J.: 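Please read through the structure below; I'll follow up with questions.
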Amino acid sequence: MSKKTFSIWLLPIDSDNHYLSKIVQSLSEVYNAPFFQPHCTLFSSINNLKNAEKIIDQIDIDSFKVDVNGINHSNDVWKTVFIDLKNTIQLQSLNLLWKNFEDEEYLFSPHISLIYKSLEMDKRKKIIQNLSIKKSFSFDKIAIVNTTAPVEYWETVYSKLF
């Protein structure tokens, strides 16, 4: 059995989560891609669940808003089409908590993925052309998600509201 890996996600407030979930759901249906919970990955992959929980328990911040730079796409399946977020001080600080804790290398590039699927550039560009996205999103929760299995089976194992 392979060892479990976990990711640290920042989750949007309920209204933004609903807004983003509708987009993710629609794209997953149109392109036969897996549905997933909208999030901004702060760090991946964490191996020590108990230490990650301790770090989350010590976080004491208020919910905060992050402005959008735009919508972009890539060949990386985890960033097929995504909302590029401005790298705020809050995001950098939260990411640093994990950099100091884990030996893993993780290139932090704050974004909210909208679809996980290997798609040709034309299709990715078409998705972007047909999307209209809000100018900012607010976040109020941090979660540890078991990302060992395929996307359909990812599950939150620990979370905390700010």
Side-chain angles (χ1 to χ4, degrees), residues 2-28 33-72 74 76-116 131 133-162:
S2 66
K3 120 179 132 168
K4 288 185 178 180
T5 55
F6 303 91
S7 295
I8 308 300
W9 287 2
L10 196 57
L11 302 174
I13 62 172
D14 287 343
S15 58
D16 285 348
N17 183 59
H18 181 70
Y19 172 89
L20 290 162
S21 289
K22 287 192 327 192
I23 296 169
V24 172
Q25 182 68 42
S26 173
L27 290 173
S28 63
F35 177 78
F36 54 90
Q37 182 177 12
H39 64 277
C40 172
T41 302
L42 290 171
F43 202 89
S44 191
S45 60
I46 300 289
N47 298 312
N48 188 325
L49 182 58
K50 291 296 173 211
N51 281 346
E53 289 173 3
K54 286 179 191 172
I55 290 173
I56 285 178
D57 286 340
Q58 293 172 14
I59 295 173
D60 184 24
I61 61 172
D62 294 324
S63 62
F64 60 93
K65 182 174 78 166
V66 178
D67 291 331
V68 169
N69 284 330
I71 307 172
N72 211 333
S74 76
D76 181 350
V77 74
W78 306 119
K79 291 176 82 173
T80 306
V81 174
F82 62 96
I83 299 168
D84 184 28
L85 299 173
K86 291 197 173 161
N87 197 352
T88 66
I89 289 171
Q90 291 101 330
L91 290 175
Q92 290 172 26
S93 298
L94 288 168
N95 172 254
L96 274 176
L97 288 174
W98 308 105
K99 277 198 169 159
N100 294 331
F101 163 67
E102 283 287 329
D103 293 336
E104 299 282 327
E105 280 296 317
Y106 179 72
L107 178 60
F108 183 56
S109 171
H111 67 280
I112 301 170
S113 291
L114 299 174
I115 183 170
Y116 293 150
L131 282 176
I133 297 290
K134 294 172 42 167
K135 297 196 182 316
S136 66
F137 294 94
S138 294
F139 296 91
D140 69 349
K141 188 186 287 185
I142 191 166
I144 304 171
V145 180
N146 182 340
T147 52
T148 309
V151 176
E152 300 85 11
Y153 302 104
W154 287 354
E155 74 173 314
T156 300
V157 296
Y158 194 79
S159 66
K160 177 186 175 185
L161 212 62
F162 296 148

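A quick note: this is a predicted structure, and the numbers were derived from the prediction, not measured. FYI, side chains are in, hydrogens and waters are out, and symmetry mates aren't considered; it's all heavy atoms of this structure.
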J.: Using only atom types and a distance under 3.5 Å, with no angle test, would you say the side chain of S113 pairs donor to acceptor with the backbone of F82?
T.: no
J.: Could you check N69 against K86 for side-chain contact (heavy atoms from CB on, under 4.5 Å), going step by step and ending with a plain yes or no?
T.: CA-CA 6 Å; N69 284 330; K86 291 197 173 161; 2.9 Å; yes
J.: Determine whether F139 and I61 make a side-chain contact, defined as any pair of heavy atoms from C-beta on separated by less than 4.5 Å.
T.: no
J.: Is the number of heavy atoms from other residues, nucleotides or ligands under 6.0 Å of K22 NZ greater than 12?
T.: no
J.: Could you tell me how the ring of W9 sits relative to the ring of H39: parallel (under 30°), tilted (30 to 60°) or perpendicular (over 60°)?
T.: parallel
J.: One pair to check against side-chain contact (heavy atoms from CB on, under 4.5 Å): L114 and L20. What are the steps and the verdict?
T.: CA-CA 8 Å; L114 299 174; L20 290 162; 4.2 Å; yes
J.: Give a yes or no on this: more than 12 heavy atoms of other residues, nucleotides or ligands lie within 6.0 Å of atom NZ of K79.
T.: yes
J.: For F35, is there any backbone N or O sitting under 3.5 Å from a side-chain donor or acceptor partner on Q25?
T.: no
J.: So, the side chain of D140 versus the backbone of S63: is there a donor-acceptor pair under 3.5 Å, distance only?
T.: no
J.: Would you say the side-chain atoms of S93 pair up with the backbone N or O of I89, donor to acceptor, closer than 3.5 Å?
T.: yes
J.: Tell me, with the steps shown, if D57 and Y158 meet side-chain contact (heavy atoms from CB on, under 4.5 Å).
T.: CA-CA 10 Å; D57 286 340; Y158 194 79; 2.4 Å; yes
J.: Over 60° means perpendicular and under 30° means parallel, so tell me whether Y19 and F137 are parallel, tilted or perpendicular.
T.: tilted
J.: For atom NZ of K160, is the number of surrounding heavy atoms from other residues, nucleotides or ligands below 6.0 Å larger than 12?
T.: yes
J.: Evaluate side-chain contact (heavy atoms from CB on, under 4.5 Å) for V24 paired with I115, printing each intermediate quantity in order.
T.: CA-CA 6 Å; V24 172; I115 183 170; over 6 Å; no
